[in-house]
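This is the structure I have questions about; it appears just below.
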Amino acid sequence: MSKLKSIALFYINGFRTMPRWARMVWIIILVKLFIMFFVLKLFFFPNILKKNFDTDEERANFVIEQITRN
Amino acid sequence: MLENIDFTLIDWSRAQFALTAMFHWVFVPLTLGLGFMNAFTETVYYKTGNPEWKKLTKFWMKLFGINFACGVATGLILEFEFGTNWAAYSWFVGDIFGAPLAIEGIFAFFMESTFVAVMFFGWDKVSKKFHLASTWLTAIGANISALWILVANGWMQNPVGTAFNPDTARNEMTNFWDVLLSGTAVNKFIHSTTFGFVLAAVVVIGVSSWYLLKKRELLFAKRSIVVAAVFGLISSIALIVTGDTSAKNVVKTQPMKLAAMEALYDGSENAPLVAFGILGGSETHKNINANSRENFVFKIEMPGMLSFLAHGDFKTFVAGIKDLVLGNESQGIMSYSEKIRRGHIAAQTLVAYKDAKLNNPDGEEFRMLKAKFEDETFMNDYFAYFGYAPYYDENPDVLQQNAFKLVPPISLTFYSFHLMVILGFYFILFFVVVLVLIFKNKYHNKCWLLWVSLISIPLVYIGGQAGWIVAEVGRQPWAIQDLLPVVTAVSKIDASSVMITFTLFAVVFIALFIAEIMILLKQIKTGPKIEEETSNV
């Protein structure tokens, strides 16, 4: 338990004593992840096969249709 | 089928993917190389206890951290695009992509949350030995993390170790080691990582040269340059060697790419290598047909060298674009028209299989068709050309015209390849000159060379992007070599939505890039600080 506590403290102290540039970098990471997962993924990048079909068999049939169109 | 394809959609989908991948590749190589440089310099600090080496390590580690943070997770956007813009493709590749990317994701998560944290937060909090081990493991981990995505890319260039399952319409891994250790994957990994080492070395020398130009941090800059120049020279030689083995691999697995790299229309024995050339008439290289001829405004050739580099023998035959499209019986090269016919038969068989399974899964026809997909001869002689099927036409003239549509963009591939090679050799010369002068203690007096070093930073990034253009544009129209062209791999969605996301990406990426550059420049201007020793990073 004390080992876990010291690991947690290591991270907490690390974040607390971060210099200014590192805080900026963390802001960039968080903004980037927000844009990626809550804007891009949610509104612009649905998984077409998961969204449009219920079973793997339907997905496989659709893909065969796509790749064999002539 | 080709007349029904919306090429606007394909072009925008490809442009979007290229933009994302190229942006990702701005950050990755510096992380790959700078990680090892940090490990080297910290090892010197560990051995000597000299605080100057700690200062040096912490400074470059800071730049590593900024670059790492700006680049982290940008690769994930590629996975979003797979699911939306390349849905058929992502299904067709099956677990070939899933397994390596899952390993990469798990690996990266554990690496980043443990070793990177110790590297930045652990100064004076963990033992010197443990800190050094974390720095080394971060460097090794970053490179191993890159391995998996490069293996997946290697499989797209040379799909081995898998079998197609007609029931699931997916490729299934039959031999993990064949996928991991294919010549294409191994070369791609070593070539890409050694490029990362060269890039990091050039960046370190460039930034250090700026300090020398400003007459500050002299000892720090000279020490950084010595480490970077040695690391860079060894890496740049390895880069050229792996470039050579990559090209030899391309000859076997993607001969059309090699022909495009050299703008070689007609193959020959004793084939010359174009050391430098300017292509003539851009339209000639766009609308290629049976009458197309080599067209250079100017070129410097090395006789027989292409044959030698391709096969290790000056007299061997190297196939040109027309040999590959039209076939060359004497050299045992099958024409693209024949490959298209075979691909068409494979596609028809798959359609018949699907129909038979739906209508009468217990019938004789279904059993016969199923047997075909288990028959090695059918898979090797027909299904191996499955991706050529969309180019089929009953009219032989149209079919031959379609065959020429399988030629990649010549000008872009040719120029990117030559730019990459010229820069590759330039960097060897650059590191040699820097090393010689730094050991003679004359480097810091050569103002022109300090500027050259600084200007070399954008050049090395251009070289890396050119390399990926050769790898990816040179293999068009394939999403997966011979099995899936981009015309069928792309999702049939509204082209305008792809244009919107492309624009959105461009804006976000530019903003991120500007943010990184600003933070980096500020830290470089501030310079290394000995007093930072007591605080984090």
Side-chain angles (χ1 to χ4, degrees), chain A, chain B residues 1 4 62 65-66 68-70 72-74 76-77 80-81 83-85 87-88 90-92 117-118 120-122 125-126 166-170 344 347-348 350-351 354 358 386-387 389-390 392 484 488-489 491-493 497 500-501 504-505 508 512 515-516 519 522-523 526 532 535-537:
Chain A
M1 198 61 190
S2 66
K3 193 85 182 161
L4 281 176
K5 196 179 168 188
S6 64
I7 290 171
L9 277 174
F10 174 80
Y11 279 88
I12 291 165
N13 286 334
F15 281 112
R16 267 192 194 148
T17 54
M18 271 194 311
R20 195 177 140 79
W21 69 265
R23 286 175 202 275
M24 278 291 290
V25 158
W26 268 105
I27 291 169
I28 288 177
I29 292 176
L30 294 175
V31 169
K32 181 168 62 178
L33 289 176
F34 176 81
I35 293 172
M36 276 173 60
F37 287 100
F38 292 98
V39 181
L40 294 177
K41 181 69 184 156
L42 218 56
F43 298 106
F44 295 99
F45 289 95
N47 187 314
I48 286 182
L49 293 178
K50 269 191 188 160
K51 190 180 137 195
N52 294 348
F53 304 99
D54 295 326
T55 65
D56 278 355
E57 196 179 353
E58 286 174 359
R59 291 179 191 116
N61 285 337
F62 171 76
V63 170
I64 288 175
E65 223 168 79
Q66 293 294 303
I67 62 178
T68 56
R69 284 189 317 150
N70 214 323
Chain B
M1 177 206 169
N4 301 324
K62 191 195 296 180
I66 296 165
F68 184 85
C70 291
V72 77
T74 50
L76 281 178
I77 300 172
F80 296 170
E81 290 168 22
T84 304
N85 305 85
S90 62
W91 183 266
F92 188 77
V118 173
F120 285 108
F121 296 159
K125 287 179 188 144
V126 297
D167 292 313
T168 58
R170 305 187 94 160
H344 177 66
Q348 294 296 99
L350 182 59
V351 172
K354 187 189 134 201
L358 190 72
F386 179 79
Y392 180 76
L484 194 71
T488 49
S491 301
K492 276 62 182 181
I493 54 177
S497 72
I500 290 169
T501 48
L504 204 63
F505 281 169
V508 172
L512 256 179
E516 185 197 15
I519 300 171
K522 194 175 176 195
Q523 294 309 315
T526 307
E532 275 185 43
S535 65
N536 280 321
V537 196

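Since the model is a prediction, treat every value here as computed from it, not as a measurement. Computation of the quantities below employed the complete heavy-atom set of this structure, encompassing side-chain atoms and omitting hydrogens, waters and symmetry-equivalent molecules. All chains are named by letter (A, B, ...) in the order of the sequence lines, taking the proteins before the strands, and each is independently numbered beginning at 1.
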Relative to the ring of Phe505(B), is the ring of Phe45(A) parallel (under 30°), tilted (30 to 60°) or perpendicular (over 60°)?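 Because their plane-to-plane angle is under 30°, the rings of Phe45(A) and Phe505(B) count as parallel.
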Does Ala347(B) offer a backbone N or O that forms a donor-acceptor pair with the side chain of Thr68(A) under 3.5 Å?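 It does not hold such a pair.
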Please classify the contact between Leu358(B) and chain A as side chain, backbone, both or neither, with a heavy-atom cut-off of under 4.5 Å.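 The answer is neither part of Leu358(B).
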Most contacts with chain A, counted as non-hydrogen pairs under 4.5 angstrom, among Ser497(B), Ala515(B), Ala87(B), Gly83(B): Gly83(B)
Residue pair Ala88(B) / Gln66(A): nearest heavy atoms and the distance that separates them: CB-CB, 4.3 Å
Contact class of Ile66(B) relative to chain A, heavy atoms under 4.5 angstrom: both
Side chain / backbone / both / neither for Asn85(B) at chain A, heavy atoms under 4.5 Å: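 For Asn85(B), the side chain is the part near chain A, not the backbone.
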Does the separation of the ring centres of Phe15(A) and Trp26(A) fall below 6.0 angstrom? yes
Identify which of Lys522(B), Glu516(B), Glu81(B) forms the greatest number of heavy-atom pairs closer than 4.5 Å to chain A. Glu81(B)
Structural part of Ile7(A) lying under 4.5 Å from a heavy atom of chain B: neither
Which one, Ala69(B), Pro166(B), Gly65(B), Ser90(B), leads in non-hydrogen pairs under 4.5 Å with chain A? Ala69(B)
I'd like to know which of Asn47(A), Ile48(A), Val39(A) tops the heavy-atom pair count under 4.5 Å against chain B. Ile48(A)
With no hydrogens and no angle check, is any side-chain donor or acceptor of Trp91(B) less than 3.5 Å from a backbone partner on Ile64(A)?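 No, the answer is negative, given that no donor and acceptor are paired below the 3.5 Å cut-off.
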Check whether any side-chain N or O of Lys354(B) sits under 3.5 Å from a backbone N or O of Ala60(A) as a donor-acceptor pair, and report yes or no.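 The answer is no, because no donor-acceptor pair under 3.5 Å joins these two groups.
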